[in-house]
Asker: 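Please find one structure pasted underneath; my questions will follow.
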Amino acid sequence: MQEGTRLTRSIGLIPSSVMIGIFFMVPFVLILLTSVSVPTADGDYQLGFSLEHFDRFASWFYIERALFSAGLCALIALLSLLIAFPFTYMLTQFGPRSQTVWLIYILAQLSLSEVLIAFSWQILLSRTGGIANILVWLGLAEKSFSMAPSAGAVLAALVYLAVPFSVLLLYPALSRLDRSLTEAARTLGASPLRTFFTVVVPVTRPAIISGGVTIFVLTLGAIIVPQVLGKPEHWTLSVLITDQAIFNFNMPFASALAVVLLVISASVIYGVTKFFGGKS
Amino acid sequence: MSGLIIEGVTKKFGNVTAVEDVNLHFKTGEMICFLGPSGCGKTTLLRMIAGLEEPTQGSISFEGKDLTRVPVHQRDIGMVFQSFALFPHLSVGENITYAMRIRGHSRSEREDRAKELLDMMHLPGVADRRISQLSGGQRQRVAIARALALNPQIFLLDEPMSALDANLREAMQIELRKLQQELGITTVVVTHDQTEAMTMADEIVVMGRARVLQTGSPMEIYKKPVDKFVAGFIGTSNLLPAKMSGENAVRVGSAELRVEHGAVGQPAGTDVLLMTRPEEVFVRPIGASAPANAVTGKVSFVRDIGATIEILVDCDGHEVISVLTPKDWPDVRIGDAVTVEMPAGACTVLAA
């Protein structure tokens, strides 16, 4: 009888294994193989083992790009959590009907693609039609100016993209937060603010950590916003990968950069989760 | 103006009235139980004393100070929640001294006090454990210790035993009562379990449908319930339909009984209920001497549960239960015609 159930369980795993196999393992292996491929005489590449593409990465230019990308995305994760967490907590205090309305509105925000956000913000930050004109109208500036391309513009637009996502990532844990915990804290003399910092935040820490890590990994893949709203010095590693792959036809180098990106993501996920205790 | 005074308190949630016009006065140091079925408003009333809800009308004051508009975190209370609400991210010791940490007490002060409280609650040495490592009974003790850490003036408990196993409950009821008496702290417990209320309370407040139905000591309420709802809620009661037949007398079927307690002054002919407690009525075989205050019937069931025996008698379609100890066994069997003696002092007349 046990043999039977074990077999049926293994069979049950086949569909998901096939999916993971096709959609993750195969591309991953292909990228890995391409990143170590050997150049041939006529400019093409073949299967082999050469570390020259990783060697090319090892220059300061690319390493600096990798560090910049990681730093930018960490900052985006931090800022979007700082904005989304108090907002999501307040949201869970609303009545159920208001909550549903707000969640639908936030979900709708997610349907806006990176492309749409990038170009909308470009207009918003432009000299001719952007918010600088409001500052002039208010008397805070003499004449209108363009706020993009700049690092701030890239940061702002990506945080704007990340916040609705953060709300949805934090919502389950915050809505499940036992209300009697905050009530107990208040009966023990904690003001609403103290209760927030000594009870609400620590208890939902796993969700905050895994939410932050998720935002980090997702923003690492942004390619439109850095190019549209940023100068070349603001371009992330993902932009360079696209550049190498699509415009330079240098698949092996692009693959090498992609492997670096994967390693960064994996180490951040592992490191942060291990040291700060996220949900696995 | 000492003690806990609740004056004219009403609480409405939109169109729903959770608590209606409650007026209560308790002495400092008393243990009070709010007793009633779910939805009767007892928890809402407790939460208003805590400050977790604000009364729509009325005021609450303690020792002369009006608490009604004082925010929760500024009231000198300690509260134990039904689910205990222990902080999962803090150790046992950190949970207990949370209130001290908020007020800036030093680490050594907190550690000492945690040890003191854990010893008092018979849980020595668990200060460094995680909450998830404790059993239900241990968690309750930690919750109590946490509430009492700073010696609050009012101790509030919301159905504190409901999360415990049945066999633990009785022991904890007694322990909690002893602790309360030792500390002399004004305590309010909300419960739906009348044995719990009878065991622990100096005074019981019976509530039903948002109103206070009766207040009094456990024995007062048990012996002289004010209406059939309270009679039915506390202990088992025999309720026989009867008609008033003059001053201090009722007619049950063909029997005339003298009564002393309850709504005895009603005009003759009024429909009433005659209430007696099972341990105060006596079943005897129909024989030579017919006792004065008695009704007749047939034994329908005998429940021998070891320490006590219950005899169920069918009196003209209504059930009367008599409870007695084995040594008083009147030797009757199912089907026997019997007479059930109901002494005048044991009868209470209630509105029908």
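Bear in mind the structure is a predicted one, so any value in this text is a computation, not a measurement. Atom set for the values below is all heavy atoms of this structure, side chains included, hydrogens, waters and symmetry mates excluded. Lettering of chains follows the sequences in order, A, B, ..., and the numbering in each one begins at 1.
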Asker: Would you please go through residues 180-189 of chain A and name the residues with a non-hydrogen atom below 4.5 Å from one of chain B, in numerical order?
Answerer: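 Listed by number: A/Ser180, A/Leu181, A/Glu183, A/Ala184, A/Ala185, A/Arg186, A/Thr187, A/Leu188, A/Gly189.
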
Asker: Counting only N and O atoms by type, is there a donor-acceptor contact under 3.5 Å from the side chain of A/Thr100 to the main-chain atoms of A/Pro96?
Answerer: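 Yes; judged by distance alone, with no hydrogens or angles, the pair exists.
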
Asker: Are any side-chain N or O atoms of B/Thr68 and backbone N or O atoms of B/Ile60, one a donor and one an acceptor, separated by less than 3.5 Å?
Answerer: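 Pair found, side chain donor or acceptor close to backbone of B/Ile60.
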
Asker: Side chain from CB out, backbone as N, CA, C, O: work out which of these in B/Leu52 comes under 4.5 Å of a heavy atom of chain A, or both, or neither.
Answerer: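 Just the side chain, heavy atoms under 4.5 Å.
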
Asker: Would you kindly check if the NZ (Lys) or CZ (Arg) of B/Arg146 is within the cone defined by 45 degrees around the ring axis of B/Phe87 and under 6.0 Å from the six-membered ring centre?
Answerer: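 Ring-cation test returns yes.
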
Asker: Just by distance, no angles: are the side chains of B/Thr28 and B/Glu63 close enough, under 3.5 Å, to form a donor-acceptor pair?
Answerer: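 Present: a donor and an acceptor within the cut-off.
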
Asker: Can you check whether B/Glu30's main-chain N or O pairs, donor with acceptor, with B/Asp202's side chain at less than 3.5 Å?
Answerer: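 Such a contact is absent between B/Asp202 side chain and B/Glu30 backbone.
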
Asker: Check whether NZ of the Lys or CZ of the Arg B/Arg101 lies under 6.0 Å from the centre of the six-membered ring of B/Tyr98 and within 45 degrees of that ring's axis.
Answerer: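 Ring-cation test returns no.
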
Asker: Is it the backbone or the side chain of B/Leu90 that comes under 4.5 Å from a heavy atom of chain A, or both, or neither?
Answerer: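 No part of B/Leu90 comes within 4.5 Å of chain A.
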
Asker: Cut-off 3.5 Å, side chains only: do B/Thr191 and B/Glu159 have a donor facing an acceptor?
Answerer: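 Distance-only check fails for B/Thr191 and B/Glu159.
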
Asker: Return the option, out of B/Arg75, B/Gln74, B/Arg103, with the maximum number of heavy-atom pairs under 4.5 Å with chain A.
Answerer: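 Most heavy-atom pairs within the cutoff with chain A belong to B/Arg103.
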
